[in-house]
Amino acid sequence: MINPLETEDSRFDGETFTKVFIYTICAATVLTASILVAKSFIFNGGAVEQSSYPTSIPWINSKLDCENTGRNWIDNKCWDKEHSAEF
């Protein structure tokens, strides 16, 4: 007996399923890529506004050694002004 709800026009065949599956994967890929690109533009340098931050160098304990390396001796500490926050 023929099922009246399952006609040839209303049947969900394999070709249609494959197309829907491929389009869904493509849409998810484009959405994910656009979110990642947007996040990279929004958060690029947001936390790091300066190109360098001064930091003390704990293993240099004398003014002579500090100044010979091109750093500054301030408050009995050797300070490096070229330290990157991304380091």
Side-chain angles (χ1 to χ4, degrees):
M1 186 164 185
I2 299 175
N3 187 352
L5 296 176
E6 193 177 301
T7 63
E8 190 172 319
D9 292 335
S10 67
R11 200 171 13 173
F12 195 69
D13 61 352
E15 184 180 342
T16 305
F17 176 77
T18 304
K19 285 181 183 179
V20 170
F21 181 74
I22 289 173
Y23 287 134
T24 303
I25 295 298
C26 290
T29 303
V30 169
L31 179 66
T32 303
S34 61
I35 289 171
L36 292 175
V37 168
K39 285 177 86 174
S40 70
F41 283 125
I42 291 171
F43 295 113
N44 186 18
V48 181
E49 294 177 3
Q50 297 177 351
S51 61
S52 65
Y53 291 85
T55 188
S56 67
I57 309 299
W59 59 87
I60 299 178
N61 298 319
S62 72
K63 181 177 180 179
L64 182 62
D65 291 339
C66 179
E67 291 176 349
N68 283 340
T69 59
R71 297 178 175 104
N72 299 322
W73 185 258
I74 303 170
D75 295 330
N76 291 327
K77 291 183 181 178
C78 185
W79 290 91
D80 182 13
K81 291 185 178 181
E82 297 180 11
H83 181 77
S84 172
E86 296 176 356
F87 177 67

Requested in this report: Decide yes or no on side chain to side chain contact (heavy atoms under 4.5 Å, CB included) for W79 and K77, but give the supporting numbers first.
Outcome: CA-CA 6 Å; W79 290 91; K77 291 183 181 178; 3.6 Å; yes
Heavy-atom closest pair, residues [X] and [Y]:
X   : Y   : result
V20 : T24 : O-OG1, 2.7 Å
W73 : E67 : CB-OE2, 4.3 Å
C66 : T69 : O-OG1, 2.7 Å

Could you grab the distance from atom [atom1] of [X] to atom [atom2] of [Y], nearest 0.5 Å is fine?
X   : Y   : atom1 : atom2 : result
D65 : W59 : CG    : CH2   : 13.0 Å
I57 : D80 : CD1   : CG    : 4.5 Å
N68 : C78 : CG    : SG    : 10.0 Å

